[in-house]
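Okay, so here's the structure we're looking at.
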Amino acid sequence: MIALIDYKAGNLTSVKKALATIRAQVFVPAMPEDLADAGGIIVPGVGHFGATRALDASWIEAILGRVGEGRPLLGICLGMQWLYEGSDEAPDCPGLGLLSGCCYRLGSTVRLKADTTDDTNPDSRSVRLQADRDVKVPHVGWNSLAIQRDEASIVDGIPPNTQVYFTHSYAAPITGDTVAVTEHGAPFAAIVQRGYIAGVQFHPEKSGEAGLRILRNFVELVG
C-alpha cells in the first residue's frame with residue numbers, strides 16, 4: 001500500500017487516477033501515524049515551496065522514519081524539490097534534506113566556487129548570479145529527458161529523449177543523484193534517485209505512457 005501525502009499543494013485526483021490505472025493500491029493518510037503500515041510514500045505537489053511548511057515536524061519524523069526502514073519515497077514536482085535541503089523560493093523554509101543541494105529559479109546561473117572552505121554546505125560551493133531574462137519562466141509543456149544513469153531502476157524502460165510534461169519555475173541542481181536532465185535555458189535535474197529515494201520534476205500523471213512507466217517502476221521498487 002502506497003501513501004499519497006496530501007498537504008494541500010495541488011490536486012491529488014490526477015495522481016490517484018494514474019496510480020489506479022497501473023493498479024497500485026493507494027491511500028491518503030490523515031495523520032503521520034497512518035504511515036506506519038505504508039509500503040511506500042509519494043509526495044506530490046505544485047506551487048510555492050512555502051507550501052511544504054504544512055509538512056510539520058510530526059510528518060517529517062514519520063516520513064524519515066519510514067525511509068529509515070527502507071520504504072521507498074517518491075517526490076513529484078514540488079515534492080521532488082522538498083527532498084533537497086531547501087529552495088531559493090522560500091529560503092527560510094527547510095527541505096527534507098535527504099538530497100544535497102538547494103533548488104533555484106530557472107534562468108538563474110549557478111557558479112561553483114573554487115575556494116570553498118565548507119564542503120558539507122552546498123551554499124558555500126555556489127552563488128546565484130543575475131537571472132537570464134531570455135529564459136521563459138515558468139517552464140510549461142513537453143520537454144525531453146537526457147538519461148545520465150540508465151542503470152537506475154526509476155528509468156527502467158524509458159528510452160533516451162522521452163518527452164514528459166513540466167510545469168515549474170524552480171529546479172534542482174545536477175548532482176551525483178541525478179538520473180536524467182532536461183534543458184530549459186540550462187540543464188537541470190529532471191529525475192533523481194538514491195537507493196529507495198527518487199524524484200521527478202515533471203508530472204508523470206500528465207506524461208502519458210512514459211509517466212505511467214515511471215510510476216510502475218516506483219511501485220516495483222515498493223515491491
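All residue numbers in this chain count up from 1 along the given sequence.
- Counting all heavy atoms, side chain and backbone alike, A51 lies closest to A9 at CB-CB, 3.9 Å.
- Proximity of a side-chain donor or acceptor of Q81 to a complementary backbone N or O of Y170 within less than 3.5 Å is detected.
- Shown here for P173 and A189, the closest heavy-atom pair between the two residues is O-CB, 3.5 Å.
- In this structure, the side chains of I42 and L73 stay at 4.5 Å or more apart for every pair of heavy atoms.
- Comment: D177 engages R194 in a salt bridge, judged by a side-chain N to carboxylate O separation of less than 4.0 angstrom.
- The shortest non-hydrogen separation linking W142 to S207 is CH2-CA, 3.7 Å.
- A donor-acceptor contact shorter than 3.5 Å is absent between the side chain of Q25 and the backbone of R23.
- In the hydrophobic clustering of this structure, I60 groups with L35; members are Ile, Leu, Val, Met, Phe, Trp, Tyr whose side-chain heavy atoms approach within less than 4.5 Å, directly or through other members.
- Counting only distance, with no hydrogens or angles, the side chain of S87 and the backbone of E89 share a donor-acceptor pair below 3.5 Å.
- Between F188 and F166, the angle of the ring planes goes over 60°, which puts this pair in the perpendicular group of the 30/60° scheme.
- Atom OG of S169 sits about 10.5 Å away from atom NE2 of H139, to the nearest 0.5 Å.
- Here L215 contributes atom CG and E205 contributes atom CD; the two are 7.5 Å apart, rounded to the nearest 0.5 Å.
- In this structure, the side chains of W59 and P29 come closer than 4.5 Å at one or more pairs of heavy atoms.
- R149 is listed as a side-chain neighbour of V179, based on a closest heavy-atom distance under 4.5 Å.
- L64 CG to L96 CG: the interatomic distance, rounded to the nearest 0.5 Å, is 4.5 Å.
- Between S153 and Q193, the shortest heavy-atom distance links the atoms OG-NE2, 2.9 Å.
- Note: L106 CG to H168 NE2 = 5.0 Å, rounded to the nearest 0.5 Å.
- Under a 4.0 Å N-O distance rule, the pair R71/D37 does not qualify as a salt bridge.
- Summarising the geometry, atom CD belonging to E85 is positioned 5.0 Å from atom OG belonging to S100; distances are rounded to the nearest 0.5 Å.
- Under a hydrophobic clustering in which Ile, Leu, Val, Met, Phe, Trp and Tyr are joined whenever their side-chain heavy atoms come within less than 4.5 Å, directly or via other members, I2 and L74 fall into the same cluster.
- The two residues T21 and L212 make their nearest non-hydrogen contact at CG2-CD1, 4.0 Å.
- At distances below 3.5 Å, not a single donor-acceptor pair connects side-chain atoms of S144 with backbone N or O atoms of Q163.
- Here the closest heavy-atom approach between residue P159 and residue I147 is recorded as O-CG1, 4.5 Å.
- Two residues are said to be in side-chain contact when any heavy atoms from C-beta on lie closer than 4.5 Å; C102 and D88 meet this criterion.
- Salt bridge annotation for D156-R216: absent, with no cationic side-chain nitrogen under 4.0 angstrom from a carboxylate oxygen.
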